[in-house]
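Here the structure is laid out as structure tokens; the discussion comes afterwards.
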Amino acid sequence: MNLTEVVEKYIALRDKKAALKRDYEAKVEAIDQMLDKVEALLLANMQAQGVDSYKTPAGTAYKSVRASASVADRESFMRFIQETGEWGMLDVRANKTAVQEYREANNDLPPGVNWSEQIVVNIRRS
């Protein structure tokens, strides 16, 4: 096995994958823009006609509510959680960097946290 050729082949494949991904993302972006325009047109028509849906032989277009929540002020949100006990409003996950620092400093993990590592191969260009 010629290691130089193997690494060269790996880099060529990785570059090809990146190029395909860029091409795919550009094509999908154009389609997403067209879909957004069609959705806006349908929504404007529904609102103008005062209807919630259009049933057609091709399919049904309908309005729905898409909600999202994000934290604007972490301190006040956390204070609210602690004062009210509304812990269900939080998503809990371990911060890998903080856990790693704790593990290195204490030679142990915080209670209730799993840690796994695996050896992988990375390749960088010369």
Side-chain angles (χ1 to χ4, degrees):
M1 171 174 26
N2 181 325
L3 292 178
T4 299
E5 289 176 7
V6 171
V7 170
E8 285 173 349
K9 182 66 172 172
Y10 181 93
I11 291 171
L13 288 168
R14 186 177 62 195
D15 290 348
K16 176 73 172 173
K17 178 182 173 183
L20 289 170
K21 190 172 186 178
R22 279 191 305 275
D23 184 47
Y24 166 81
E25 289 171 354
K27 289 177 182 177
V28 168
E29 175 62 27
I31 292 170
D32 284 342
Q33 289 175 4
M34 288 187 279
L35 290 171
D36 288 344
K37 288 179 184 177
V38 171
E39 289 170 4
L41 173 76
L42 289 169
L43 180 59
N45 281 327
M46 286 179 196
Q47 289 173 329
Q49 295 179 14
V51 299
D52 292 330
S53 64
Y54 292 126
K55 185 171 184 165
T56 75
T60 302
Y62 61 95
K63 294 191 298 188
S64 66
V65 176
R66 185 179 302 147
S68 70
S70 62
V71 176
D73 181 343
R74 185 179 188 278
E75 280 186 34
S76 62
F77 181 59
M78 289 305 299
R79 189 170 35 257
F80 169 80
I81 296 296
Q82 292 168 347
E83 290 170 359
T84 63
E86 292 285 347
W87 297 102
M89 291 187 183
L90 292 175
D91 281 335
V92 178
R93 65 182 184 95
N95 179 297
K96 181 177 71 171
T97 304
V99 170
Q100 185 172 13
E101 289 170 359
Y102 179 93
R103 182 175 168 256
E104 290 169 358
N106 298 284
N107 201 28
D108 197 9
L109 292 171
V113 174
N114 290 324
W115 184 266
S116 67
E117 295 178 343
Q118 68 184 109
I119 305 297
V120 298
V121 172
N122 295 303
I123 297 174
R124 77 175 140 241
R125 237 174 255 290
S126 58

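What you see is a predicted model, and the numbers here were worked out from it, not measured in a lab.
- Taking 4.0 Å as the cut-off between side-chain N and carboxylate O, Arg14 and Glu8 do not count as a salt-bridged pair.
- Partners of Arg125 under the salt bridge (charged side-chain N to carboxylate O under 4.0 Å, His left out) rule, at least two apart in sequence or in another chain, are Asp15.
- Residues Val71 and Ile81 share a single hydrophobic cluster, defined by chaining ILVMFWY side chains whose heavy atoms lie under 4.5 Å apart.
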Practice task
Could you please spell out the steps behind the side chain to side chain contact (heavy atoms under 4.5 Å, CB included) verdict for Tyr54 and Leu42?
Solution key: CA-CA 9 Å; Tyr54 292 126; Leu42 289 169; 4.3 Å; yes
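- There is a path of hydrophobic side-chain contacts, each under 4.5 Å, that joins Val7 to Val121.
- Annotation for Leu20: hydrophobic cluster partners, listed by chain and number, are none (ILVMFWY side-chain heavy atoms under 4.5 Å, direct or chained).
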Exercise for the section: For side chain to side chain contact (heavy atoms under 4.5 Å, CB included), just list the numbers for Trp87 and Leu90, CA-CA rounded to whole Å, side-chain angles, deciding distance to a tenth of an Å, and then say yes or no. Expected result: CA-CA 6 Å; Trp87 297 102; Leu90 292 175; 3.7 Å; yes
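- Nearest heavy atom pair, residue Val99 against residue Val113, reads CG1-CG1, 3.9 Å.
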Practice task
For the pair Glu117 and Trp115, evaluate side chain to side chain contact (heavy atoms under 4.5 Å, CB included) and give the outcome as yes or no after the intermediate values.
Solution key: CA-CA 7 Å; Glu117 295 178 343; Trp115 184 266; 3.0 Å; yes
Practice task
Go through Leu41 and Lys37 one step at a time and tell me if the side chain to side chain contact (heavy atoms under 4.5 Å, CB included) criterion holds.
Solution key: CA-CA 6 Å; Leu41 173 76; Lys37 288 179 184 177; over 6 Å; no
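- For Lys63, the NZ atom is densely surrounded, since the number of other residues' heavy atoms within 6.0 Å is greater than 12.
- Tracing side-chain contacts under 4.5 Å through hydrophobic residues (I, L, V, M, F, W, Y), one never reaches Val28 starting from Leu35; they form parts of separate clusters.
- Heavy atoms of other residues, nucleotides or ligands lying less than 6.0 angstrom from CG of Asn2 number more than 12.
- Here CG of Asn107 is found 10.5 Å from OH of Tyr102. Values are rounded to the nearest 0.5 Å.
- In this structure, Leu13 CG and Lys16 NZ are separated by 10.0 Å, a value rounded to the nearest 0.5 Å.
- Applying the salt bridge (Lys or Arg N to Asp or Glu O under 4.0 Å) test to every pair with at least one member in residues 27-36, sequence neighbours left out, gives these pairs: Asp23-Lys27.
- Heavy-atom contacts from other residues, nucleotides or ligands closer than 6.0 Å to OH of Tyr62 number 12 or fewer.
- Between atom CD of residue Gln47 and atom CG of residue Asp52 there is a gap of 10.0 Å, rounded to the nearest 0.5 Å.
- Atom CE of Met89 and atom CE of Met78 lie 12.0 Å apart (nearest 0.5 Å).
- Listed for the Asn106 side chain is no donor-acceptor partner under 3.5 Å among the backbone atoms of Asp108.
- Atom CD of residue Glu104 and atom CD of residue Gln100 lie 4.5 Å apart, to the nearest 0.5 angstrom.
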